[in-house]
Amino acid sequence: MDRYAAAGDEAADRARQQERHYQLLSALQSLVKELPSSFQQRLSYTTLSDLALALLDGTVFEIVQGLLEIQHLTEKSLYNQRLRLQNEHRVLRQTLRQKHLEAQQSCRPHNLPVLQAAQQRELEPWQAMEHRIREEQQAMDRKIVLELDRKVADQQSTLEKAGVAGFYVTTNPQELTLQMNLLELIRKLQQRGCQVGKAAL
């Protein structure tokens with residue numbers, strides 16, 4: 001008798017999962033209509049069905065939320081590093097300007113041409129330093145781009161391992177845009193509360 005009850009429970013679970021799959025698939029199909037037509041064409045019924053299956057237990061929603069939080073922290077950290085570098089450079093420039101201004105204000109008028117000539121000579125190495133500052137900022141920008149590219153590859157790999165349709169490590173701009181659209185679909189489903197009800201499965 002217990003065997004029949006267990007089989008009935010399994011059948012009911014499968015029916016609930018199938019219903020949940022259809023709900024998610026229907027919601028995805030509705031959201032896809034909001035995308036540009038070029039991306040609508042690339043998101044086949046099979047891709048959307050596979051995505052709905054991956055979303056069934058709610059784990060992917062949690063993974064996407066975690067990846068989003070990590071991305072925001074990374075972006076904030078990189079932004080703060082760049083800001084610190086810019087502030088250091090600004091302070092260097094202001095310090096030199098202030099030093100020159102104070103020297104000119106305390107200088108006797110007849111010594112002013114000599115002081116200005118000396119300050120002009122002092123600016124020559126400063127111009128080399130300005131070049132170094134620009135190089136440092138460009139190096140920082142390259143570092144930021146590389147770090148963000150690494151973060152994207154990590155996200156792609158994580159979602160691919162989680163079995164999310166359409167995700168694999170790529171740098172192809174069209175594929176990246178498609179993946180961004182898929183992520184946006186997942187986030188919209190999450191915001192709509194479509195992952196609610198997973199506990200009923």
Side-chain angles (χ1 to χ4, degrees), residues 13-86 134 137-201:
D13 283 347
R14 278 194 302 274
R16 280 194 298 272
Q17 278 196 327
Q18 190 63 39
E19 177 62 28
R20 176 95 176 105
H21 177 252
Y22 286 136
Q23 288 173 350
L24 286 166
L25 180 56
S26 176
L28 282 168
Q29 288 172 320
S30 172
L31 287 170
V32 164
K33 292 176 184 170
E34 300 170 12
L35 295 175
S37 61
S38 59
F39 291 108
Q40 289 180 30
Q41 295 167 0
R42 295 194 59 207
L43 294 172
S44 68
Y45 176 87
T46 304
T47 301
L48 293 176
S49 180
D50 290 348
L51 181 57
L53 281 173
L55 297 172
L56 269 178
D57 71 355
T59 304
V60 171
F61 290 115
E62 293 170 15
I63 290 170
V64 167
Q65 186 61 38
L67 291 174
L68 187 62
E69 289 169 8
I70 290 168
Q71 180 180 335
H72 287 164
L73 288 173
T74 301
E75 288 171 353
K76 186 176 181 178
S77 171
L78 293 170
Y79 173 77
N80 287 335
Q81 288 175 33
R82 190 174 195 285
L83 204 57
R84 257 193 313 278
L85 184 65
Q86 286 177 325
R134 277 192 300 278
Q137 287 175 336
Q138 289 171 352
M140 172 66 78
D141 290 343
R142 284 191 298 273
K143 175 188 168 206
I144 288 171
V145 168
L146 287 173
E147 181 64 29
L148 292 175
D149 285 347
R150 264 194 301 274
K151 194 59 61 188
V152 167
D154 289 348
Q155 291 172 345
Q156 291 169 328
S157 176
T158 299
L159 291 167
E160 180 182 23
K161 288 174 186 171
V164 182
F167 283 90
Y168 59 95
V169 177
T170 180
T171 56
N172 180 313
Q174 287 180 317
E175 294 302 311
L176 286 169
T177 304
L178 183 65
Q179 289 179 353
M180 288 168 41
N181 282 316
L182 287 170
L183 273 177
E184 190 59 27
L185 292 175
I186 293 168
R187 292 191 61 229
K188 284 182 178 179
L189 280 177
Q190 189 173 24
Q191 289 167 351
R192 287 184 177 184
C194 285
Q195 81 277 19
V196 176
K198 64 183 177 198
L201 295 178

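What you see is a predicted model, and the numbers here were worked out from it, not measured in a lab. Heads up: numbering here begins at 1 and tracks the sequence.
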*Looking only at non-hydrogen atoms, find the nearest pair between F61 and L189 and report the distance.*
CE2-CB, 3.9 Å
_Partners passing salt bridge (Lys or Arg N to Asp or Glu O under 4.0 Å) against R84 (at least two apart in sequence or in another chain)_ = none
*In this structure, which one of L55, I63, L28 forms a side chain to side chain contact (heavy atoms under 4.5 Å, CB included) with I186?*
L55
_Quick check against the 3.5 Å criterion: does S157 have a side-chain atom that pairs as donor or acceptor with the backbone of A153?_
no
_Nearest 0.5 angstrom please: T171 OG1 to D149 CG, how far?_
8.5 Å
*Starting at CZ of R42, measure out to OG1 of T47 and round the result to the nearest 0.5 Å.*
9.5 Å
_Would you compute the distance between atom NZ of K151 and atom CG of L67 and round it to the nearest 0.5 angstrom?_
9.0 Å
*Got H72 and L68 here, is their nearest side-chain heavy-atom distance under 4.5 Å?*
yes
*Answer with yes or no whether the side chains of E175 and Q179 bring together a donor and an acceptor at under 3.5 Å.*
no
*Are any of the side-chain heavy atoms of V164 and T158 separated by less than 4.5 Å?*
no
*Heavy-atom pair of closest approach, residues G163 and A54*: O-CB, 3.6 Å
*Output the distance between atom CD (Q71) and atom CG (D154), rounded to the nearest 0.5 Å.*
11.5 Å
*Begin from the C-alpha positions of L35 and E184 and carry the test side-chain contact (heavy atoms from CB on, under 4.5 Å) through to its verdict.*
CA-CA 10 Å; L35 295 175; E184 190 59 27; 5.9 Å; no
*Flag, side chain of T177 to backbone of P173, donor-acceptor distance under 3.5 Å*: yes
_Flag, side chain of S30 to backbone of S26, donor-acceptor distance under 3.5 Å_ = no
_Salt-bridge contact E147-R150 (side-chain N to carboxylate O under 4.0 Å)_ = yes
*Any sub-3.5 Å donor-acceptor pair from H21's side-chain atoms to L56's backbone N or O?*
no
*Evaluate the side-chain contact (heavy atoms from CB on, under 4.5 Å) criterion for residues Y45 and L25: first the C-alpha distance (whole Å), next the side-chain angles of each, then the deciding distance (0.1 Å), finally the verdict.*
CA-CA 9 Å; Y45 176 87; L25 180 56; 3.3 Å; yes
*Any chance you could measure L185, atom CG, to E34, atom CD, to the nearest 0.5 Å?*
8.5 Å
*asked:* According to side chain to side chain donor-acceptor pair (under 3.5 Å), who are the partners of Y79, at least two apart in sequence or on a separate chain?
replied: none
_Could you check whether any side-chain heavy atom of L148 comes within less than 4.5 Å of a side-chain heavy atom of E75, counting everything from C-beta outward?_
yes
_Set of residues satisfying side-chain contact (heavy atoms from CB on, under 4.5 Å) with respect to L183, sequence neighbours excluded_ = V64, L159, F167
*Which atom of L182 lies closest to which atom of G166, heavy atoms considered*: CD1-CA, 3.9 Å
_Q86 atom CD, neighbour heavy-atom count above 12 within 6.0 Å_ = yes
*Distance in Å, E19 CD paired with R16 CZ, rounded so as to fall on 0.5 Å steps*: 11.5 Å
*Would a distance-only check, ignoring hydrogens and angles, find a side-chain to backbone donor-acceptor pair under 3.5 Å from Q156 to T170?*
yes
